[in-house]
J.: 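Submitted below is the structure of interest, expressed as structure tokens.
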There are 2 protein chains.
Amino acid sequence: MKLDDAAAHLEALGNPTRLKIFRALVRAGDNGLSVGKLQTRLDIAASTLSHHLKTLLVVGLITQERQSTTLICRASYDLMRGLVDFLVDECCVESTGTLCVTKSAC
Amino acid sequence: MKLDDAAAHLEALGNPTRLKIFRALVRAGDNGLSVGKLQTRLDIAASTLSHHLKTLLVVGLITQERQSTTLICRASYDLMRGLVDFLVDECCVESTGTLCVTKSAC
DNA sequence: CTCTTATTTCGATACTATTAGAAATACCGT
DNA sequence: ACGGTATTTCTAATAGTATCGAAATAAGAG
């Protein structure tokens with residue numbers, strides 16, 4: 001993953017409202033949640049929700065699937081995993097210490 | 001970790017310049033890097049760097065230690081690990097599918 | 001075709017972030 | 001104390017973001 005992409009993903013998750021949305025979708029798993037259900041659960045204005053969903057969508061953190069009138073949203077697990085990997089990647093490679101003998105230590 | 005804290009950390013990392021800074025420190029490991037060394041490496045204005053370092057500092061993503069005139073910065077590995085854990089935490093708990101039988105699958 | 005439900009776009013407002021040059025401060029070595 | 005190096009604060013211009021109500025669009029149901 002490129003740094004600018006990672007930054008874009010982190011920025012997208014860096015807003016409390018969007019993080020709430022994303023986590024609700026992460027919790028929901030492969031069932032996903034409709035926009036309407038998200039709105040009811042999180043109790044935010046529909047326009048605000050739509051705005052944030054678009055932000056998450058354009059960076060790829062979520063996907064959407066139409067089921068007639070309702071729109072099902074799902075977290076993109078691949079991208080989330082890639083982001084987590086990016087954060088710990090190259091950890092301590094310049095260190096002379098023993099902090100990162102194994103990657104799990106970071 | 002509370003959601004608002006996690007969002008603050010993600011937001012701090014969500015700026016390309018700050019992410020560059022943070023990654024340089026993550027690479028550096030427990031040796032850390034001085035502000036001046038960071039400035040030379042990343043080639044950004046000293047005032048801009050100082051500003052971003054403060055942002056990372058107040059959310060706790062980095063720590064600083066004075067060594068006479070120079071200021072050594074280090075990534076806070078604990079916080080980074082906490083953030084990564086937060087992201088995958090509660091993954092798929094509401095799912096009826098088989099996506100997350102083990103946590104590693106997320 | 002019209003009604004209803006679901007979601008998005010528009011428009012406006014208020015707030016916050018990014019950047020960097022210039023000036024200020026901190027601290028050590030001599 | 002002086003000079004030099006390291007870092008921060010001040011100031012300001014510019015641009016971007018968050019929010020929500022109102023209106024608009026989309027799509028199935030009757």
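Every chain is numbered from 1, with letters handed out A, B, ... down the list of sequences.
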J.: Would one find a side-chain N or O of A/Thr17 under 4.0 angstrom from OP1 or OP2 of D/dT19?
T.: yes
J.: Provide, to the nearest angstrom, the distance between the NE2 atom belonging to A/His51 and the P atom belonging to C/dT9.
T.: 12 Å
J.: Rounded off to whole Å, could you give me the CG-to-C1' distance for the B/Leu19 and C/dT18 pair?
T.: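 Those two atoms, CG and C1', are 16 Å apart.
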J.: Does C/dT9 have OP1 or OP2 sitting under 4.0 Å from an N or O in the side chain of A/Lys54?
T.: yes
J.: Looking at B/Gln64 and B/Cys73, what are the two nearest heavy atoms and their distance?
T.: NE2-SG, 3.6 Å
J.: If I take atom CD in residue A/Glu65 and atom P in nucleotide C/dT7, what distance separates them, rounded to the nearest angstrom?
T.: 13 Å
J.: Starting from P on C/dT8, measure out to CD1 on A/Ile44 and report it in whole angstrom.
T.: 12 Å
J.: What is the distance from CG of B/Leu71 to C1' of C/dC27, rounded to the nearest Å?
T.: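 Interatomic distance, CG of B/Leu71 to C1' of C/dC27: 12 Å.
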J.: The side chain of A/Gln64 lies closest to which of these nucleotides: C/dT8, D/dT8, C/dT18?
T.: C/dT8
J.: Check whether any side-chain nitrogen or oxygen of B/Thr70 sits under 4.0 Å from OP1 or OP2 of D/dA6, and answer yes or no.
T.: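 Answer is no, no contact under 4.0 Å.
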J.: Looking at A/Val58, A/Ile62, A/Thr48, which hits side-chain contact (heavy atoms from CB on, under 4.5 Å) with A/Leu53?
T.: A/Ile62
J.: Round to a whole Å and report the spacing from NZ of A/Lys37 to C1' of C/dT5.
T.: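 After rounding, the reported distance stands at 15 Å.
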J.: So does A/Asn15 get a side-chain nitrogen or oxygen closer than 4.0 Å to the phosphate oxygens (OP1/OP2) of D/dA18?
T.: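 Result: yes.
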J.: Looking at C/dC10, D/dT17, D/dT7, which one has an atom nearest to any side-chain atom of B/Ser34?
T.: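 Among C/dC10, D/dT17, D/dT7, the one nearest the side chain of B/Ser34 is D/dT7.
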J.: Output yes when at least one side-chain N/O atom of A/His52 is less than 4.0 Å from OP1 or OP2 of D/dT19, else no.
T.: yes
J.: Side chain of B/Thr69: nearest nucleotide among C/dT18, D/dA6, D/dT7?
T.: D/dA6
J.: Roughly how many Å is it from CG in A/Leu53 to P in D/dC20, rounded to a whole number?
T.: 14 Å
J.: If you look at every strand shown and take non-hydrogen atoms under 4.0 Å, does B/Ser47 touch a base, only sugar-phosphate, or nothing?
T.: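 Base contact.
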J.: The side chain of A/Arg66 is closest to which nucleotide in this list: D/dG21, C/dT7, D/dT8?
T.: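 Shortest atom-to-atom distance from the side chain points to C/dT7.
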J.: What closest approach, in Å, do B/Asp30 and B/Arg74 show between heavy atoms, and which atom pair accounts for it?
T.: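 Shortest heavy-atom contact: O-NE, 2.7 Å.
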J.: Taking only side-chain nitrogens and oxygens of B/Thr48, does any of them come within less than 4.0 Å of OP1 or OP2 of C/dT19?
T.: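 Looking at the OP1 and OP2 atoms of C/dT19, neither is under 4.0 Å from any side-chain N or O of B/Thr48.
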J.: Considering every strand and a 4.0 Å limit on heavy-atom distances, what is the contact class for B/Ala45: base, sugar-phosphate, or nothing?
T.: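 Contact class for B/Ala45: sugar-phosphate only.
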J.: Given side chains that start at C-beta, do those of A/Leu38 and A/Leu25 come closer than 4.5 Å, heavy atoms only?
T.: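 The answer is yes; the side chains approach within 4.5 Å.
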J.: Do you know the tightest heavy-atom contact between A/Ala28 and A/Gly32?
T.: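 It is CB-O, 3.9 Å.
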J.: What is the distance from CD of B/Gln67 to C1' of C/dA26, rounded to the nearest Å?
T.: 16 Å
